[in-house]
**Student:** 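Okay, here's the structure, questions in a sec.
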Protein chains: 2
Amino acid sequence: MSRELNRLDGRKRTILRAVVEEYVEQAEPVASRCLVERYNLNLSSASVRSTLAELEQLGYLEQPHTSAGRVPTDRGYRTYIDELMELEPLAQETKEHIRAQLQESIDEIPELLRQASGLLSQGTGYVSIALQPRVASSVLRQIKLLMIEPGRVLVLLVLSAGVVRDRIVRIPDILDQGQLARIAAAIEQQLAGCKLRDISFVMMQLAAADTQVPESLLNQVLFETWTAIQQADQLATYVDGMPNLLRHREFHSIARARDVVSALSSDGLLTGLMEPPEHEAKAIPGSGENLPAASAAVPWMVRIGQELQQQGLEDCSFVTTTYHLPERLVGSIGVVGPRRMAYSRVISHISFVRQTIDHLLTWRSSRS
Amino acid sequence: MSRELNRLDGRKRTILRAVVEEYVEQAEPVASRCLVERYNLNLSSASVRSTLAELEQLGYLEQPHTSAGRVPTDRGYRTYIDELMELEPLAQETKEHIRAQLQESIDEIPELLRQASGLLSQGTGYVSIALQPRVASSVLRQIKLLMIEPGRVLVLLVLSAGVVRDRIVRIPDILDQGQLARIAAAIEQQLAGCKLRDISFVMMQLAAADTQVPESLLNQVLFETWTAIQQADQLATYVDGMPNLLRHREFHSIARARDVVSALSSDGLLTGLMEPPEHEAKAIPGSGENLPAASAAVPWMVRIGQELQQQGLEDCSFVTTTYHLPERLVGSIGVVGPRRMAYSRVISHISFVRQTIDHLLTWRSSRS
DNA sequence: ATTGGCACTCGGCGTTATCGAGTGCCAGAG
DNA sequence: CTCTGGCACTCGATAACGCCGAGTGCCAAT
């Protein structure tokens with residue numbers, strides 16, 4: 001069972017790698033002869049065939065049918081990604097472009113994410129997804145209550161890293177802006193610095209106790225406000241590039257196409273698949289072990305076909321990574337494509353986009 | 001060329017209507033025999049055949065090939081919609097459901113639109129689209145400038161009908177919250193009541209002239225604020241039900257499917273197709289002439305296939321309508337489906353959703 | 001005007017044959 | 001023991017053929 005014993009020897013590695021790359025490019029089962037011709041292995045096709053047979057035996061490849069070429073299995077892709085591929089560096093020009101685009105929308109996170117998603121889908125030719133940062137564990141900095149119309153109040157929250165959330169709630173229309181302002185100020189004074197998820201209704205009651213607002217009214221306002229705070233974590237997904245997917249062979253059968261489009265249309269499902277598995281530290285993270293030193297700390301995660309454990313997405317892969325805002329806020333961006341995906345290109349891309357986002361957001365406030 | 005002379009006689013009308021309805025249901029060219037059997041016309045198939053031939057002559061129907069049944073042309077659908085169909089009333093239960101769902105998210109327009117879109121796509125089985133109300137012609141009611149972090153300010157606009165827009169801008173970080181508040185108050189005092197699109201930069205300069213803020217700083221703030229005001233019209237589209245589309249025959253060929261998915265993914269394109277054609281009053285509005293009296297004023301619009309004048313959407317139809325907020329704010333909702341669409345069901349649905357939105361939004365502020 | 005009857009068309013489908021890319025295996029060479 | 005050229009075999013894809021039947025258009029009879 002020792003991993004060392006199972007380790008592939010040099011030739012197997014070379015050939016597995018060649019098969020994956022060829023298949024990704026051509027979308028057709030790859031034949032021994034083709035490998036010999038295009039990847040100058042100094043071998044005959046017969047030898048390659050025997051290696052292919054072994055790789056199949058070991059579960060890295062499979063044949064769609066006898067007398068067809070080989071296709072990588074999930075395991076084949078996995079090994080390719082973890083051990084065999086080389087990340088191809090992005091063109092300088094591409095980098096500039098990404099940087100420039102992201103720079104533009106740096107002030108509004110939603111806009112930034114939309115941009116990032118657009119860049120990723122365009123750059124990779126697959127579908128990309130960006131998720132809002134999760135704010136449940138972020139900290140309350142400011143809270144304002146603004147009367148929009150009689151009976152309708154805007155609850156405005158400023159959180160860690162200057163993230164803003166707002167929400168309109170309904171309150172008794174006897175209250176005036178002055179009372180609301182006092183309530184907000186009281187809450188802000190007492191609870192600024194608390195994590196959203198730690199803020200309880202009672203804490204808010206205590207905070208706003210001496211605002212001179214009749215208790216029943218106060219409680220209504222507080223309750224609505226509290227609800228707004230608890231629901232600050234809207235799960236917004238920015239999906240881009242859907243039409244790209246339909247270009248790929250694997251989705252030429254409508255059934256598959258529908259499964260994927262469905263999945264991509266379901267915010268809940270996507271969020272689930274994108275979120276970094278918080279306590280499952282073991283969950284197949286891209287080790288990044290063969291990354292160039294400079295970005296050795298970049299953790300991306302790839303999930304391939306069955307690994308997604310998602311009915312209907314057996315032909316898909318997700319590449320995801322986590323971007324960072326100051327004060328430990330994080331969110332996810334990712335790329336979804338066919339299992340037969342140009343992983344190295346995608347990973348380079350997504351890593352760079354993530355790096356750029358991190359960089360921009362970290363230094364945002366200190367730049368003019 | 002008089003329309004009266006071209007008018008179809010009773011039998012032609014009956015048969016055209018039957019053909020459309022049968023085709024919508026079965027998705028296959030409809031044959032004379034089938035019509036006789038299922039729509040108890042007291043005629044033989046031979047007679048029906050001759051009528052069908054005439055309808056084809058007149059351009060209402062076509063044959064995919066000799067010895068196949070008939071299929072409606074754009075013109076056929078058009079006539080069906082304008083003159084022949086009967087709107088089927090919604091089940092009471094459905095109505096309740098729509099009302100209840102919309103009621104829930106009445107306070108946040110984006111949420112309301114998301115809901116509406118969801119209801120429409122679920123209810124009709126097609127794709128639905130909802131657009132934010134356009135606010136360029138709405139009026140400024142309140143404006144606040146809130147310092148989020150040093151150098152970053154939230155511009156918050158309250159507009160007609162209590163619509164809220166916000167945007168984060170970057171300003172010199174020497175300014176403090178007090179100065180910002182003064183600027184905002186001055187603008188609000190002078191410009192409240194102005195239409196957004198009428199607000200010029202100079203007007204803002206005049207309004208904020210005596211706020212005791214150094215001119216160059218002031219101008220920077222004003223400029224950013226002005227930009228935020230001018231860009232208040234974000235074109236957000238809420239699209240729901242994409243997977244539904246792929247269920248329909250016409251999109252079983254990937255090429256078609258891709259065209260549609262592309263179109264639906266392009267906010268700009270969609271917005272263009274959904275917006276009510278403001279000055280082109282002649283543009284094919286659903287006359288509503290055969291609507292029940294109670295909703296006689298409901299204007300919906302249908303555009304069929306070629307009428308969309310959109311490369312790649314020849315097999316699609318759009319049904320759109322306009323919802324209303326107080327103070328003349330309007331936005332669009334619509335349904336997109338194959339040309340072979342259950343128009344009467346869709347129109348009933350969309351009309352009711354629109355009615356309900358209008359109603360809820362109109363009475364929103366007066367309810368608790 | 002309507003209809004039953006009839007000849008005609010043509011897409012869809014199942015059958016069959018052919019082709020060739022690709023494999024597995026093996027015997028012989030290095 | 002490894003590698004390779006050769007060979008038999010498999011099997012999907014494609015094309016050709018024929019048949020069936022749904023559906024039409026036309027016409028003569030009522």
Side-chain angles (χ1 to χ4, degrees), chain A residues 8-16 18-23 25-73 76 249-250 252-254, chain B residues 8-16 18-23 25-73 76 249-250 252-254:
Chain A
L8 301 175
D9 63 42
R11 174 176 305 171
K12 291 206 188 70
R13 293 167 62 86
T14 317
I15 289 187
L16 176 54
V19 171
V20 172
E21 289 177 359
E22 186 67 16
Y23 184 60
E25 192 180 330
Q26 303 290 341
E28 270 167 34
V30 350
S32 54
R33 194 164 150 231
C34 153
L35 288 175
V36 177
E37 281 169 3
R38 304 169 73 144
Y39 291 79
N40 49 345
L41 326 165
N42 291 317
L43 287 174
S44 73
S45 67
S47 311
V48 174
R49 275 203 291 280
S50 83
T51 307
L52 288 174
E54 293 175 77
L55 283 169
E56 183 170 1
Q57 195 72 29
L58 295 170
Y60 296 98
L61 299 177
E62 62 189 352
Q63 279 181 301
H65 51 267
T66 338
S67 94
R70 272 16 184 251
V71 163
T73 59
R249 265 236 165 59
E250 23 278 284
H252 275 26
S253 90
I254 285 289
Chain B
L8 302 174
D9 64 43
R11 173 177 304 171
K12 290 206 188 71
R13 292 167 64 86
T14 318
I15 289 187
L16 176 54
V19 171
V20 173
E21 289 177 358
E22 186 66 16
Y23 183 60
E25 192 180 329
Q26 303 289 341
E28 271 167 34
V30 351
S32 55
R33 194 163 151 230
C34 154
L35 289 175
V36 178
E37 280 169 4
R38 304 167 74 140
Y39 290 79
N40 49 345
L41 326 165
N42 290 319
L43 287 174
S44 72
S45 67
S47 311
V48 174
R49 274 204 291 280
S50 82
T51 308
L52 287 175
E54 292 176 78
L55 284 168
E56 184 171 358
Q57 194 73 28
L58 295 170
Y60 296 98
L61 299 177
E62 61 189 355
Q63 279 180 301
H65 51 267
T66 340
S67 95
R70 288 336 196 275
V71 162
T73 59
R249 264 226 166 58
E250 23 279 282
H252 276 27
S253 91
I254 286 288

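Every heavy atom of this structure was used, including side-chain atoms; hydrogens, water molecules and symmetry mates were not. Every chain is numbered from 1, with letters handed out A, B, ... down the list of sequences.
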**Student:** Do A:Glu22 and A:Tyr39 meet the criterion of a side-chain donor-acceptor pair at a distance under 3.5 Å?
**Tutor:** yes

**Student:** Shortest non-hydrogen contact from A:Leu61 to A:Pro72?
**Tutor:** CD2-CA, 3.7 Å

**Student:** First locate atom CG of A:Asp9, then atom CD of A:Glu54, and finally report the distance between them rounded to the nearest 0.5 Å.
**Tutor:** 7.5 Å

**Student:** Tell me: CD1 of B:Ile15 to P of C:dT2, nearest whole Å?
**Tutor:** 10 Å

**Student:** B:Leu43 CG to D:dT30 C1': how many Å, rounded?
**Tutor:** 16 Å

**Student:** Using whole Å, what does the distance between atom C1' of nucleotide C:dG12 and atom CD of B:Glu28 come to?
**Tutor:** 12 Å

**Student:** Keeping to residues at least two apart or across chains, list the side-chain hydrogen bond (donor to acceptor under 3.5 Å, both in side chains) pairs with something in residues 44-53 of chain B.
**Tutor:** B:Ser32-B:Arg49, B:Ser44-B:Ser47, B:Ser45-B:Arg49

**Student:** Calculate the interatomic distance between A:Leu41 atom CG and D:dT4 atom P; express it in whole Å.
**Tutor:** 11 Å

**Student:** What distance separates A:Tyr60 OH from A:Arg13 CZ, expressed to the nearest 0.5 Å?
**Tutor:** 10.0 Å

**Student:** If you look at every heavy atom in A:Gly69 and A:Gln63, which pair is closest and at what distance?
**Tutor:** O-CG, 3.7 Å

**Student:** Quick check for you: to the nearest 0.5 Å, what is the distance between A:Leu55 atom CG and A:Glu62 atom CD?
**Tutor:** 13.0 Å

**Student:** If you assign B:Asn42 and B:His65 each to the DNA chain C nucleotide with the nearest heavy atom, which residue ends up on the more 5' nucleotide?
**Tutor:** B:Asn42

**Student:** Could you write out each protein N or O paired with an N or O of nucleotides 14-16 of chain D at a distance under 3.5 Å?
**Tutor:**
none

**Student:** Look at the side chain of A:Ser47 and decide which nucleotide, out of C:dC10, C:dT2, D:dT4, has an atom nearest to it.
**Tutor:** D:dT4

**Student:** When rounded to the nearest 0.5 angstrom, what is the spacing between CG in A:Leu16 and CG in A:Leu52?
**Tutor:** 9.5 Å

**Student:** Can you tell me how far C1' of D:dA22 sits from CD of B:Gln26, to the nearest Å?
**Tutor:** 15 Å

**Student:** Could you write nucleotides 20-25 of chain C as a row of B, S and -, 5' to 3', where a protein heavy atom under 4.0 Å of any base atom gives B, of only sugar-phosphate atoms gives S, and otherwise -?
**Tutor:** --BBBB

